[in-house]
Novice: 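The following block contains the structure, expressed as structure tokens.
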Amino acid sequence: MYIVTAQQMRDLDQYTIEQLGIPAMSLMESAGKAIAEEVIAWCGGQQEEQADVPRGRALTNEGGIRSDERVIPDRSRQHWLVLVGKGNNGGDGLVAVRYLMDAGIAVTLLYAQDPQELTGHAAAQRDAAHRSGIAYRVWSEEWNLHAETEEGNKQESGINHTASGSKQAEHNQHPWSNYTGIIDALLGTGSKGEPREPYASIIRSANISGKPIIAADIPSGLNADTGEVAENCIQAQVTVCLAFLKQGLTQYPGATAAGEVVVRSIGIPRSTAKQAGLRAHLITDDVLRDVLQIDTSRARAIDGHKGTYGHVMVIGGSMKMSGAGLMASRSALRIGSGLVSWALPEQLMKHMVGHVPELMMIPASEDPDGQWKADTAQTIVEQTAKADVLAIGPGLGRFEDDNEWLRTLWEETQQPLVLDADGLNILSEAEGLSRWPRRQADTVLTPHPGEMARLAGVSTADIQRDRIGIARDFASKHGVVLVLKGARTIVASPQGDIFVNTTGHPGMATGGSGDVLTGVISGLMAQGLSGLQAAAFGVHLHGHAGEEAARKRTGNPASLLAGDIIESL
Ligand SMILES: NC(=O)C1=CN([C@@H]2O[C@H](COP(=O)(O)OP(=O)(O)OC[C@H]3O[C@@H](n4cnc5c(N)ncnc54)[C@H](OP(=O)(O)O)[C@@H]3O)[C@@H](O)[C@H]2O)[C@H](O)CC1
Ligand SMILES: [K+]
């Protein structure tokens, strides 16, 4: 599934209108119809849930005649308020009301501004809606709902709200209380910055009203590119995203504001995205197979042997963080590497013997405290000759002259490399990406937001503000595959590709999850996948394994341990 920025969406829109000759009005018609259909489906689903009626009765089928009239019991009780902005997002809402009315659902328009201020296609849709007899109101102070805060109470004019009962009564009599649900067609991809007044007040009141909200294209107040949310941003139950998935809906906190996201075609051919050279995708089975050309079945050759499936060498682990190296190594085995070696401090090795019998261990540092030493670099380089992929960093720790140690491995090994944890911290401190020569083999960096902040020389908040943009720029600039971890992990390639992962579970926010991912990605690379393929497939499988492991911890998914993820790979 393609992911687009607001500008890319505008370009595709323009291409469709100007080059393909599909009129803008018909795109808007399709958009509004799709929104109405999702509202109708949502109403149906809600009522079925309440009545405990099985789902799936979307189409009536009477006497062999099929119709898209939905079966919504008690449709007459539905009354939706449609919030209309002055741009084309408002135009979509104005189309939707006609279809809702036709489906027997009562609708009222609430314009943010004087409807005469609408122009172009939105103005034409306004006229059609008004001529169809749809009731409308224009925003005024009487619609303002204030949060139940001191500030809110102060702002409320002439009413004493000291008792919570009177506040509740006021809410019940308020104009918002007449409606069963709200369609947010205030602002779409054309909005810039924080919503201005009266948009901000409308958004705040819609949220406070407690009514279910279905957003047209994006929730108003969301940055369509970054996923940042304005102080006043619609909190939707469902977002009906039009034509292509907007980037900001894939990243938090935008993903929370959007609720369930439904991407609906509006007549812009999917092929236009490919022709336009768009390179951002949500990771789905189709994308893994068709875009990344991965055999997701992971079928083994009948005549394969351990040499067929590659050899990973994990370089890491220290006395204080022994488990990290062990988990990365075990994950590399579990994901199917033919062989896995673990280079670790000699003192640590005697404690690790027998933990994973399938693992080969290479004593690397003779430090009595079980730490790494810089003078091991050359020996490690020689040892790596037999490995197909290197994974450096899990549990490594920091040590004297570690910059020089990593630089030797970085420059003198020719294999693909996965760099994680303290491997990344050393790289940041040494400014290795700008000072050291670029590696020829695939190099995958797997930072969490804090490590990414150090690599990019900015704050963690800066990273989280625009994860996709930062990942894309960084991977292109430094010629690496970047895996920016966190909910909705991003994989970015040196060529500017973006892949966003949706699998995973909050329970995976636990020590060792990252080490497992390092093992998974390096293990997939050992089996012949490129750095980009392994990173995208790896984050997908890792997330699935986390979901599976959480399901098994039925009593308490928060009890999930990284080791459980390995067992579910
Ligand atoms: N191909 C498609 O996907 C189609 C999408 N459609 C829908 O159109 C919108 C995009 O429409 P557009 O008119 O470009 O923009 P908006 O409706 O989002 O809003 C633009 C108006 O809002 C004003 N504005 C901008 N920022 C703010 C703000 N922070 N606060 C208040 N108002 C704001 C702006 O006015 P200015 O005076 O500031 O210029 C604009 O008037 C897309 O999201 C889809 O829903 C089409 O219907 C079909 C094709
Ligand atoms: K909207």
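Ligands are counted one by one from 1 in listed order, and the atoms in each one are counted from 1 as well.
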Novice: Donor-acceptor pair, distance only, cut-off 3.5 Å: does the side chain of Ser132 make one with the backbone of Ile134?
Specialist: no

Novice: Just by modelled atom types, is the Ser26 backbone N or O under 3.5 Å from a matching donor or acceptor in the Ser30 side chain?
Specialist: yes

Novice: Heavy-atom distances under 4.0 Å are what count here, so tell me which part of Lys86 touches ligand 1: side chain, backbone, both or neither.
Specialist: side chain

Novice: Students should be able to answer this: which protein heavy-atom is nearest to atom 22 (O) of ligand 1, and at what distance?
Specialist: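 Protein heavy atom with the smallest distance to atom 22 (O) of ligand 1: Leu187 CD2, 3.6 Å.
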
Novice: How long is the span from the NE2 atom in His146 to the OG atom in Ser205, to the nearest 0.5 Å?
Specialist: 7.0 Å

Novice: Examine distances only and state if a side-chain atom of Thr239 and a backbone atom of Ile218 form a donor-acceptor pair shorter than 3.5 Å.
Specialist: no

Novice: For atom 11 (O) of ligand 1, which protein heavy atom lies nearest, and how many Å away is it?
Specialist: Asn88 CB, 3.2 Å

Novice: Using a heavy-atom cut-off of under 4.0 Å, does the side chain or the backbone of Asp217 touch ligand 1, or both, or neither?
Specialist: side chain

Novice: So if I count the atoms of ligand 1 from 1 in the order they appear, which ones are less than 4.0 Å from some heavy atom of Ile268?
Specialist: 1 (N)

Novice: Quick one: look at Asp92 and ligand 1, take heavy-atom pairs under 4.0 Å, and tell me if it's side chain, backbone, both or neither.
Specialist: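 Looking at Asp92 and ligand 1, just side chain atoms fall under 4.0 Å.
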
Novice: Answer with side chain, backbone, both or neither: which part of Met9 has a heavy atom less than 4.0 angstrom from an atom of ligand 1?
Specialist: side chain

Novice: For the rings on Tyr111 and His130, is their centre-to-centre separation under 6.0 Å?
Specialist: yes

Novice: At the K ion (ligand 2), what's the angle from Leu187 O to Asp184 O, rounded to 10 degrees?
Specialist: 150°

Novice: Does the protein put a heavy atom less than 4.0 Å from atom 39 (O) of ligand 1?
Specialist: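 No; the ligand atom in question lacks any protein heavy-atom contact below 4.0 Å.
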
Novice: May I ask you to list the atoms of ligand 1 that are less than 4.0 angstrom from any heavy atom of Gly87?
Specialist: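 Going through ligand 1 atom by atom, the ones under 4.0 Å from Gly87 are 13 (O), 17 (O).
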
Novice: Given Val4, Asp11, Asn89, Val84, which has its nearest heavy atom closest to atom 17 (O) of ligand 1?
Specialist: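 Comparing heavy atoms across Val4, Asp11, Asn89, Val84, the nearest one to atom 17 (O) of ligand 1 lies in Asn89.
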
Novice: In the protein, what heavy atom is nearest to atom 10 (C) of ligand 1, and what distance, to one decimal place, separates them?
Specialist: Thr189 OG1, 3.3 Å

Novice: Can you check the angle at the K ion (ligand 2) formed by O of Ala216 and O of Ile218? Round it to the nearest 10°.
Specialist: 70°

Novice: Short question: side chain of Thr189, backbone of Ala6 - any donor-acceptor pair under 3.5 Å?
Specialist: no

Novice: Looking only at protein heavy atoms, which one is nearest to atom 2 (C) of ligand 1, and what is the separation?
Specialist: Ile266 CD1, 3.7 Å

Novice: Does any N/O atom on Gly188 come nearer than 3.5 Å to any N/O atom on ligand 1?
Specialist: yes

Novice: Could you check whether any side-chain N or O of His448 sits under 3.5 Å from a backbone N or O of Gly450, counting only pairs where one atom can act as donor and the other as acceptor?
Specialist: yes

Novice: Exactly one of Asp290, Asp286, Val500, Val287 should register a side chain to side chain contact (heavy atoms under 4.5 Å, CB included) with His281. Which one does?
Specialist: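 Among Asp290, Asp286, Val500, Val287, the one meeting side chain to side chain contact (heavy atoms under 4.5 Å, CB included) with His281 is Val287.
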
Novice: Quick one: is the NZ or CZ of Arg270 closer than 6.0 Å to the six-membered ring centre of Phe244, and within 45° of its axis?
Specialist: yes

Novice: Tell me, please: is Ala216 in heavy-atom contact with ligand 1, that is, under 4.0 Å?
Specialist: no

Novice: Looking only at protein heavy atoms, which one is nearest to atom 32 (N) of ligand 1, and what is the separation?
Specialist: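 Minimum-distance protein heavy atom for atom 32 (N) of ligand 1 reads Arg196 NH2, 3.5 Å.
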
Novice: Between Arg264 and Glu37, is there a salt bridge with N-O shorter than 4.0 Å?
Specialist: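 So Glu37 pairs with Arg264 through a salt bridge.
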
Novice: Is there a heavy atom of Pro195 sitting under 4.0 angstrom from any atom of ligand 1?
Specialist: yes

Novice: Considering non-hydrogen atoms of the protein only, which is the closest contact for atom 14 (O) of ligand 1, and what is the distance?
Specialist: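 The closest one turns out to be Gly190 CA, 3.8 Å.
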
Novice: Quick one: which of Lys192, His121, Glu197, Glu117 has a heavy atom closest to atom 29 (N) of ligand 1?
Specialist: Lys192

Novice: Is the closest basic N to carboxylate O distance between Lys33 and Glu29 below 4.0 Å?
Specialist: no

Novice: If we ignore hydrogens and angles and just use 3.5 Å, is the side chain of Lys211 paired with the main-chain N or O of Asn207 as donor and acceptor?
Specialist: no

Novice: Under 3.5 Å, N or O to N or O, is Asp13 touching ligand 1 that way?
Specialist: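 Min N/O separation from ligand 1 is below 3.5 Å for Asp13.
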
Novice: Find all atoms of ligand 1 within a distance of less than 4.0 Å from any non-hydrogen atom belonging to Ser191, and give their numbers and elements.
Specialist: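 Counting atoms of ligand 1 from 1, those under 4.0 Å from Ser191 are 18 (O), 25 (C), 26 (N).
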
Novice: Before signing off on this row, confirm whether Lys246 and ligand 1 have an N or O atom pair separated by under 3.5 Å.
Specialist: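 No; the residue has no nitrogen or oxygen that sits under 3.5 Å from a nitrogen or oxygen of the ligand.
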
Novice: Thinking salt bridges, do Asp13 and Arg10 make one under a 4.0 Å N-O criterion?
Specialist: no

Novice: Taking the side chain from Arg488 and the backbone from Thr250, do they hold a donor-acceptor pair closer than 3.5 Å?
Specialist: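 Present.
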
